[in-house]
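Notes follow the structure.
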Amino acid sequence: MRWKKVEYTGWGRVHQANGELARPERVSDILLATKDEAAPALGMRRSYGDACLNDGGKAIDMSRLDRLLSFDEDTGLVHVEAGLQFGQLLKIFAPLGWLPPVMPGTGFATIGGGIAMDVHGKNHHGAGSFGEHVTELTLATPDQRKVVSPENDAELFKATVGGLGQTGPILSAKFRLLKAKGDVMVVTERRVKTWEDFLPLLDASEATYTVGWIDATAWGDKLGRGILEEAETGGGLVRAAKRSKSVPVNAPGFALSPWVVRAFNAAYWRKVPSAGRTVVKPVDDFFFPLDKIHNWNRLYGKQGFHQFQCVVPVNAADQLRDMVDKIARSGLASPLAVLKRMGPGRAGYLSFPMEGYTLALDFRNTPQAETLMRKLEDMTLAASGRIYFAKDSVARPKSIPAMYPDLPKWQETVAKADPDGTYATDLVRRLKLRDLT
Amino acid sequence: MSQTWIILGATSTIARAFARLLAARGHSLVLAGRDQNELQIIAEDCKIRGAEQAEAVPFDARDAKTFDPILAQAEQCAGDVCVAVFVGSMPPQDEIDQDPSLIDGTVTDSFTGPAQFLTAIAPVLEQKGKGTVIGVGSVAGDRGRLGNYVYGAAKAGFHTYLSGLRNRLGRSGVHVVTVKPGTVDTAMTWGMDKLPFLAQPEKVAGDILKAADKKKDTLYTPFIWWPVMTVIRSIPEHVFKKLKI
């Protein structure tokens, strides 16, 4: 296997890693690579922080192992290699009337990454997490390929799903696609005036796909204003694909300065008429709204940005309100704040979801933002919530055990699967998730 | 009318991307190469992506016996037959300098092997009176460079062969496209330092298909290589011999 020395980052570009990457294109290559030199697997590096980094070490880039291995037209059961991207899966199957059961916010994420993070989508309240749909996965262990399912090894399965790649590279996975009514989305958008209105609307939503966008720069009597999006699949209306755009260079520091963001958010909120509206969107526009702008992370300039995402239980709604208030008053928030009602669905020991509300938003990488995020981390902990490893770049080790009560079980299984800590990543080391002394 | 595409060297990075584009158009694929396990995986992937049929067949540019079953299959094929050649090998020039016997294999993989196959299949294509042949050469074939002139020489030979084949097959309605990719982000180039204008295989595959649709004779992909190579070709030899590019 050929190794290439590279400097690479996660999507937020705050943390960097220097290391050697292999990028196998054949199954025989990956098996050889894992035998010779076991190393953590990476996908498209769409994790924001350092979950996808192994500074000073080696890693295996799985993005070229992206084939569809089998598909059953009757049941929708599909078997794919781990490097396949959600967006490709959607593009291939939506015209045939099938949708991936769960999709994260970017179509560039890989299935392997989706499993390692046990990702959720806009249908989490009904469909649960992605890992709950996985019926079987194959790990590349140094000796052999190992097929793991909830039936044949429940512990290893739960340690792998949401397990940050610590049980070894995922080669392939089987899961069932969902039958869709068509390949467009019928989206109803409603303006929401305040935080107090928002949560009941999210709770009451009966749509398959529901997500809230909030203006995290508005405070006082406008606190928590935003737009509620509810959607179902629909058919009969076909739209031509639009060309994607790209951010060619790093934007200057002021591009997302507070007044720009405030103006943008206000305009965005008013774009939806006060009486609401229903629009038809191509599936990828709805599921992956930002993917149309390639390298949008460059908008935050070369110093990068953080994303903060937490989930808190339903009864901690007031504490979440305090967090939004704190964010709004800080003037540090970005245009992209998402609020969603989560169901209880989770498939692994370290899966993020819990029944409650999740809030996600970006901050330009500044010392003030880091301080604020630490405070938000403490507030999340106090609210019995947790933060999301796929996004995190600043959390501290001491917060994790209480946020993730199944951590000891995960550690026990991972220690058996990888006693030498070969698959450890920068995030695992930073948060001391494994006992690697 | 359905098209059957014979893809030689189908496990190569660009060939994979190209096969997927053909699959999405619903064509039938004959995926030829050495690694049968890998070809089976690619065949199944292409079927799910819409290929009417896709099968893996053994092909080794250095073993002409492997050509016959593919040729027989082409003869029996009811619809149009098209061929795309992605085979080639590029051992590092310093290894060749140490072991000149490596030249044989390089020339066979990149030129004489595929040329033999194409010469053998030419009558079948002439008989059908339509179809497309795509030969993937390289910008390295445009000029003998210090870094890889044996590989370049093999590709230059292949370019000249394709030009002659185009001259021959054009008379019976079969079109030949010579593709000259620049540096592409493939398994072959992974780990090489500072490659200029590195292109993604999906982009190159898309360009190739477009060139075939438009019946272009020669394609530089990505396009930037056309002006670049025009300049490089025009440098007088007495100057070029002192350069290291």
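Computed from a predicted model, the values in this text were never measured in an experiment. Letters go in sequence order (proteins before strands), and every chain restarts at 1.
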task: Could you list which of residues 39-66 of chain B have a heavy atom closer than 4.5 Å to any heavy atom of chain A, in residue-number order?
output: B/I41, B/I42, B/E44, B/D45, B/I48, B/R49

- prompt: Is the NZ atom of A/K58 crowded by more than 12 outside heavy atoms at less than 6.0 Å?
  reply: yes

- request: Return the set of residues passing side-chain contact (heavy atoms from CB on, under 4.5 Å) with A/D66 (not counting sequence neighbours), or none when no residue passes.
  value: A/L84, B/R20

field: side-chain contact (heavy atoms from CB on, under 4.5 Å) involving A/T425 - partner list, sequence neighbours excluded
entry: A/P40, A/Q166, A/L427, A/V428

query: Is the CZ atom of A/R298 crowded by more than 12 outside heavy atoms at less than 6.0 Å?
result: yes

- request: Decide yes or no for B/N37 and A/S28: does some side-chain heavy atom of the first lie under 4.5 Å from some side-chain heavy atom of the second?
  value: no

query: In terms of heavy-atom contacts, does CH2 of A/W296 have more than 12 from other residues, nucleotides or ligands at under 6.0 Å?
result: yes

field: CG/B/L146: more than 12 non-hydrogen atoms of other groups inside 6.0 Å
entry: no

message: Does anything in residues 67-77 of chain A reach chain B? List residues with heavy atoms under 4.5 Å apart, or say none.
response: A/R67, A/L68, A/L69, A/S70, A/F71

- prompt: What are the two closest heavy atoms between B/T186 and A/E25, and how far apart are they?
  reply: C-OE2, 4.0 Å

- prompt: Taking A/K4, A/E20, A/K5, A/E81 one by one, which has the highest count of heavy-atom pairs under 4.5 Å against chain B?
  reply: A/K4

- request: Give a yes or no answer on whether the side chain of A/R2 reaches the backbone of B/M188 with a donor-acceptor pair at less than 3.5 Å.
  value: yes

message: Less than 4.5 Å apart, side chain to side chain, heavy atoms only: is that true for B/P201 and A/R64?
response: yes

query: Does the B/W190 side chain pair with the main chain of A/L21, one donor and one acceptor, at a distance under 3.5 Å?
result: yes

